[in-house]
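Down below is the structure, laid out as structure tokens.
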Protein chains: 2
Amino acid sequence: MNAEIVSVGTELLLGQIVDTHAATMSEILADCGVSCTRRATVGDNWERLQGVLGEALGRVDLVVTIGGLGPTQDDLTRQAIAQVLGDDLVYEPEIALELRQFFETRGLPWSESILRQADRPRSARLLPNDVGTAPGLICEKDGKRVIALPGPRSEFLPMAQGPVREYLARIGGGEVIHSRVLRVCGMGESAIEAKIASLLESANPTVAPYAKAGEVHLRITAKASDRDLADRMIEPLEARIRKILGTHVYGVNEVTLEEATIGLLKERDETVAVAESLTGGWLGERLTSVAGAGDVFLGGIISYDLRVKERLLGVCEDTLNRFGPVSAECASEMAEEVRKKVGATYGVSLTGNAGPTSDKDDKPVGLVYVGVAGPGGVAVREQNFRGSRDDIRRRSTQAALVALREVLL
Amino acid sequence: MNAEIVSVGTELLLGQIVDTHAATMSEILADCGVSCTRRATVGDNWERLQGVLGEALGRVDLVVTIGGLGPTQDDLTRQAIAQVLGDDLVYEPEIALELRQFFETRGLPWSESILRQADRPRSARLLPNDVGTAPGLICEKDGKRVIALPGPRSEFLPMAQGPVREYLARIGGGEVIHSRVLRVCGMGESAIEAKIASLLESANPTVAPYAKAGEVHLRITAKASDRDLADRMIEPLEARIRKILGTHVYGVNEVTLEEATIGLLKERDETVAVAESLTGGWLGERLTSVAGAGDVFLGGIISYDLRVKERLLGVCEDTLNRFGPVSAECASEMAEEVRKKVGATYGVSLTGNAGPTSDKDDKPVGLVYVGVAGPGGVAVREQNFRGSRDDIRRRSTQAALVALREVLL
């Protein structure tokens with residue numbers, strides 16, 4: 001089955017917001033075996049909205065609209081769908097009651113226009129909205145289907161991922177396009193491509209590498225009659241990639257490197273502390289973004305200023321004078337000192353120059369040292385990153401997680 | 001003048017990437033006084049691409065395409081534009097030479113298909129691509145205009161923001177839609193709306209509030225014959241808002257709260273240190289994201305674990321036992337201790353429960369204490385945040401910056 005997506009909202013056409021919902025909806029359609037052949041974006045304009053909907057329903061049997069279901073005069077999607085399907089609008093007293101209660105219990109100001117949301121095209125069934133006020137719609141008439149979803153993120157997402165995904169999986173029935181992403185760290189894109197070159201020619205499933213900040217994602221995509229079969233087709237290819245890349249594959253789909261790192265530490269019942277200079281706490285932030293990090297992440301010292309490196313962290317004055325703060329020697333002492341002071345199994349340090357200009361010691365922008373101290377001693381790695389201040393800092397935290405992972409494995 | 005944008009790429013229709021370029025292009029069109037009336041997304045499919053381009057040129061006089069200019073068989077935009085305009089393709093030997101040199105100097109593998117990028121529709125002039133290989137196109141024929149831009153971000157952005165913006169400003173000539181964003185902190189959206197209620201009714205310029213994590217953005221948008229006039233129309237409205245909201249307005253357009261905070265500290269020649277528990281270093285990360293932060297941000301302690309709070313930071317065991325780590329008393333000591341230990345003018349602390357579950361002391365998820373210690377003593381504020389772990393942590397760093405700002409002012 002083919003489908004089109006219509007995003008509604010003048011703020012989209014003015015570029016004030018990015019249309020992430022269209023991408024989410026596209027992915028759900030693909031997952032359910034529905035081919036999205038075209039997307040359109042149109043403003044809150046009665047003529048154009050009707051025109052776009054009519055054209056779309058002339059080409060395909062399923063149209064998904066996003067946005068324009070709210071209570072204001074600008075919100076026209078409900079009426080436009082009714083018009084294009086040749087439906088009249090039916091007033092739903094139960095929805096009206098729910099709307100009144102929603103506003104009352106929250107003490108929000110009421111206006112009669114809110115009741116527009118209690119209208120539905122006659123051929124529509126309603127999708128409950130647990131978060132906001134505008135119900136979604138699924139209309140079926142004369143072999144055509146229109147699904148209408150609200151625009152606010154907190155309302156769109158649960159509805160799209162829940163009842164709409166279920167409905168699409170039921171009606172889709174055709175070929176499913178299903179992907180699994182293998183997340184790879186500690187190897188560059190071209191090195192990975194060289195190692196798995198023959199697999200990149202696979203036709204179904206396909207394998208495509210995507211370079212991300214400090215890691216590479218390998219997307220394995222299978223076309224099959226259903227999702228289970230797609231999964232079974234992906235498995236042998238995944239196994240071959242894992243055999244070639246080994247522990248460089250750190251996770252699947254949404255798993256982050258910080259989650260994988262916290263997981264490894266938990267398995268081993270070990271702990272970590274950080275000493276951060278150029279990243280100012282970002283490594284600690286990433287590790288503590290993982291729920292339950294407290295079992296293995298203890299804390300650390302943000303030694304941005306020279307005096308903090310010396311007094312609080314305990315790096316020797318002599319080291320700082322002879323080699324400067326951006327040096328392997330300083331990174332080494334930072335990692336050892338924070339390990340000792342916090343009492344953790346591992347100490348991880350980051351020092352470097354994030355730019356935008358060379359530092360007082362003329363250390364170039366992008367020069368970064370990562371230190372990992374553990375029961376087996378301390379190891380320091382020199383890195384040279386390119387890009388913006390933000391790029392260099394993000395890649396530094398990534399390099400630290402990779403270095404720690406390698407010591408752990 | 002009306003325009004439409006056509007984004008080209010099957011990966012867009014599969015939802016594998018989000019179409020941020022379409023939003024960027026929409027904004028540029030609006031800035032240049034060109035109304036974007038519709039956007040379409042289509043896959044790498046010859047029939048559909050031609051169809052979409054032909055329909056768009058039937059409705060409007062200017063179409064901007066994004067993507068599909070590369071060297072592979074999938075890249076069809078150049079040919080489709082020529083077809084729809086009734087142009088033949090002209091081979092450009094100079095571009096071919098540049099392509100060969102580009103690949104040679106970088107040691108990249110050559111293939112003859114790369115030379116497809118040396119073709120241009122006869123009515124096109126070429127836009128040089130300083131980063132990649134595919135030149136952009138500006139075609140003018142029979143009163144119709146087509147602008148074609150490459151898809152990779154590093155190639156699209158400089159071309160769109162540079163020569164294309166200039167070209168559009170020249171041909172646009174109509175009404176400019178221009179915005180300025182005032183960034184407001186330390187006040188909720190409804191409180192702000194109540195204070196500036198009368199201004200929200202203004203028709204041109206308009207004022208629209210957008211709630212962000214822990215702050216509110218007020219977008220002032222003017223329609224005018226040119227950008228200077230739009231700016232002059234925005235100014236009196238901005239002045240009235242600033243008079244009402246005072247120092248709650250912390251910045252304009254892209255300025256972040258961390259930049260504003262670092263700026264304030266520099267003006268006063270004062271320094272700050274942080275003691276972070278639930279945020280794990282995020283506050284330090286935000287402050288050090290600002291280039292030149294080193295003059296005023298010294299560092300701090302990430303006291304995620306109880307032992308670090310006690311031993312490294314120096315919070316009294318008695319305080320931790322009696323009130324627990326998530327308490328006003330602990331936040332107060334954390335701020336004072338880090339100020340003293342680092343030797344900064346101000347110490348800022350954060351302690352709380354980011355979830356996902358209540359902590360050992362049964363402190364609820366979202367309960368956060370922010371402490372600010374300075375020459376005038378220490379002040380602690382209790383906050384109750386809702387949302388995900390990530391929301392609570394982000395809002396905590398925001399609350400800390402707001403609290404520091406208030407002490408500074």
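Order of the sequence lines sets the chain letters (A, B, ...), proteins ahead of strands, with each chain counted from 1.
- Proximity to chain A (any heavy atom under 4.5 Å) is restricted, for B:I17, to the backbone atoms N, CA, C and O.
- Interface remark: B:V52 contributes backbone and side-chain atoms alike to the contact with chain A (heavy atom separation under 4.5 Å).
- In this structure, chain A has a heavy atom under 4.5 Å from the side chain of B:R393, while its backbone stays farther away.
- In terms of non-hydrogen atom pairs under 4.5 Å with chain B, the most contact-rich of A:L29, A:V290, A:T24, A:I28 is A:V290.
- For A:R307, the part sitting under 4.5 Å from any heavy atom of chain B is the side chain, from C-beta outward, and nothing else.
- The candidate with the highest count of non-hydrogen atom pairs below 4.5 Å against chain A, out of B:S277, B:G292, B:S190, B:S26, is B:S26.
- Between B:R59 and A:E47 there is no salt bridge, since none of the side-chain N atoms of the basic residue sits less than 4.0 Å from a carboxylate O of the acidic one.
- With a 4.5 angstrom heavy-atom cutoff, B:D390 does not touch chain A via any of its atoms.
- Within 6.0 Å of atom CZ in A:R153, 12 or fewer heavy atoms from other residues, nucleotides or ligands are found, so the atom counts as exposed in its surroundings.
- Side chain of B:R389 to backbone of A:T288: a donor-acceptor contact under 3.5 angstrom is found.
- B:L12 touches chain A through backbone and side chain together, each having a heavy atom under 4.5 Å away.
- At a 4.5 Å heavy-atom cutoff, the contact between A:I177 and chain B is made by side-chain atoms alone.
- Of the listed residues (B:R286, B:E27, B:R311, B:Q16), the one with the most heavy-atom contacts under 4.5 Å to chain A is B:Q16.
- Using a 4.5 Å cut-off between heavy atoms, B:A23 touches chain A through backbone and side chain atoms alike.
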